[in-house]
There are 2 protein chains.
Amino acid sequence: MNDVICLCKSISPDEMQIIKAELPDENTSNQMAEFFKVFGDATRLKILYFLSRHELCVADLSLLVGMQQSAVSHQLKILKLNRLVKYRKDGVTVYYALDDNHIESIFAIARQHLMEQ
Amino acid sequence: MNDVICLCKSISPDEMQIIKAELPDENTSNQMAEFFKVFGDATRLKILYFLSRHELCVADLSLLVGMQQSAVSHQLKILKLNRLVKYRKDGVTVYYALDDNHIESIFAIARQHLMEQ
DNA sequence: ATAATATATGAACACATATTCATATATTGG
DNA sequence: CCAATATATGAATATGTGTTCATATATTAT
């Protein structure tokens, strides 16, 4: 990409160059976007909420969120890939649980933002 | 929706009822999902990064993110609607700036999560 | 008023995503 | 081995999303 020359009065060309140079690389932006995307779905948020209360099997999660077992499995796969949940197998049953201590704090911040009108 | 009866051994029907009853209502889940969705796009994250460094006009943002002015305007609209950026007009130019003190902390948490392998 | 400029907006398109249905896989008990 | 059960997976579909192009709006200077 070419050098950037600023067009407006609020910032100098030099400052432009600096903040452009310090932009995290493409991978970081994309990884971060992927991470937040996981929280950007009400069904997944509900699953995370329930798991924050108790370890649960897929069937019970399906009852709780009121969605088909298949849908829940698909979403659990996404949560698993993003290391937000872990699981253990007991016979034919699979119990899922939260696997991230950042979840609570990230929720707290979102709640605060939404509370402030 | 009908009463929930748990199917697995890990939790009792009573506990199921309780965590189900305490699930935040549909509105809350949706609002929260919408909020996170905003962060789930690399272009918007870049815009937020640049604004975290300096107030900027649309044209400069467009140069910095390497995307058409129109695309940037569309994304700024979304950020505006979610009260993440504010703006001031100076003649025909519009300067945008961050309008949320939670952004930094939410980024910090995401970064931490992604750092941990 | 007119021209020039910065930004905003709407339509169109390509692409991603969530859900469902049908079915495969894996585990246990008989 | 076979049947029953819990979960996972793939295809299909409907809906959502981001970008571009074209154009509208708004502001300033001449």
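Computed from a predicted structure; not experimentally measured. Chain identifiers are assigned alphabetically (A, B, ...) following the order of the sequence lines, protein sequences preceding nucleic acid strands; residue numbering begins at 1 within each chain.
With C:dA8, C:dT9, C:dT7 as the candidates, the nucleotide lying closest to the side chain of B:Lys77 is C:dT9. The listed nucleotides are D:dT7, C:dA8, D:dA8; the one nearest the side chain of B:Val58 is C:dA8. In the set D:dG18, C:dA8, C:dT27, C:dT27 carries the atom at the smallest distance from any side-chain atom of A:Lys89. Among D:dT7, D:dG18, C:dT20, the nucleotide with an atom closest to any side-chain atom of A:Met67 is C:dT20.
Between B:Gln75 atom CD and C:dT9 atom P there is a gap of 14 Å when expressed in whole angstrom units. Put simply, CZ on B:Phe39 is 16 Å from P on D:dT17, counting in whole angstrom units. Note: OH (B:Tyr95) to P (D:dA26) measures 20 Å, nearest angstrom. Between A:Leu76 atom CG and D:dT7 atom C1' the separation is 10 Å, expressed in whole Å. Put simply, CG on B:Leu81 is 9 Å from P on C:dT9, counting in whole angstrom units. Summarising the geometry, the separation between CG on B:Leu79 and C1' on C:dT7 is reported as 16 Å, rounded to the nearest angstrom. A:Tyr87 has its OH atom 11 Å from the P atom of C:dT27, to the nearest Å. Between B:Lys46 atom NZ and D:dT19 atom C1' the separation is 13 Å, expressed in whole Å.
Between the side chain of A:His113 and the main chain of B:Arg83, no donor-acceptor pair closer than 3.5 Å is present. In this structure a side-chain-to-backbone donor-acceptor pair under 3.5 Å is missing from A:Asp90 to A:Thr93.
Residue B:Thr43 has a polar side-chain atom (N or O) positioned under 4.0 Å from OP1 or OP2 of D:dT19. In this model, the phosphate group of D:dT17 is not approached by any side-chain N or O of B:Arg44 to a distance below 4.0 Å at OP1 or OP2. Within the 4.0 Å cut-off from OP1 or OP2 of D:dA6, not a single side-chain nitrogen or oxygen of A:Tyr96 is found.
In terms of position on DNA chain C, the residue among A:Cys8 and A:Ile78 whose nearest nucleotide sits closer to the 5' end is A:Cys8.
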Please tabulate, one pair per line, all N/O donor-acceptor pairs under 3.5 Å involving side-chain atoms of residues 103-110 of chain A, not counting sequence neighbours.
from: A:Ser105; atom 1: OG; to: A:His102; atom 2: O; distance (Å): 2.9

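To the nearest 0.5 Å, atom CD1 of residue A:Ile78 and atom OG1 of residue A:Thr43 are 10.0 Å apart. Between atom CG of residue B:Leu48 and atom CG of residue B:Leu76 there is a gap of 9.0 Å, rounded to the nearest 0.5 Å.
In this structure A:Leu7 satisfies the side chain to side chain contact (heavy atoms under 4.5 Å, CB included) test together with B:Ala59, B:Asp60, B:Leu63, sequence neighbours excluded. In terms of the side chain to side chain contact (heavy atoms under 4.5 Å, CB included) criterion, residue partners of B:Asp99 (sequence neighbours excluded) are, by chain and number, B:Lys86.
Within the helix from C:dA1-D:dT30 to C:dG30-D:dC1, the inter-axis angle between the opening and closing five-pair segments is 20°, rounded to 10°.
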Could you go through the salt bridge (Lys or Arg N to Asp or Glu O under 4.0 Å) check for A:Arg88 and A:Glu55 one step at a time? CA-CA 10 Å; A:Arg88 67 180 178 90; A:Glu55 175 193 68; 2.7 Å; yes
Pair A:Arg44, A:Phe39 - check side chain to side chain contact (heavy atoms under 4.5 Å, CB included), show working. CA-CA 7 Å; A:Arg44 283 193 291 269; A:Phe39 294 95; over 6 Å; no
Pairs under 3.5 angstrom, nitrogen or oxygen only, protein versus nucleotides 21-24 of chain C, please.
from: C:dC21; atom 1: OP2; to: A:Gln68; atom 2: OE1; distance (Å): 3.3
from: C:dC21; atom 1: OP2; to: A:Gln68; atom 2: NE2; distance (Å): 3.0
from: C:dC21; atom 1: N4; to: A:Ser70; atom 2: OG; distance (Å): 2.6

Atom pairs under 3.5 Å, N or O on each side, protein against nucleotides 28-30 of chain C: can you list them with distances?
none

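Residue contacts for B:Thr93: at a heavy-atom cut-off of 4.0 Å it reaches the sugar-phosphate backbone alone, with no base atom in range.
Note: the hydrophobic cluster containing A:Phe36 also contains B:Tyr49 (ILVMFWY, side chain heavy atoms under 4.5 Å, direct or indirect links).
Counting heavy atoms from C-beta outward, B:Glu26 and A:Lys46 have side chains that approach closer than 4.5 Å. B:Arg53 has its side chain out of reach of A:Glu15: every pair of non-hydrogen atoms, C-beta onward, lies at least 4.5 Å apart.
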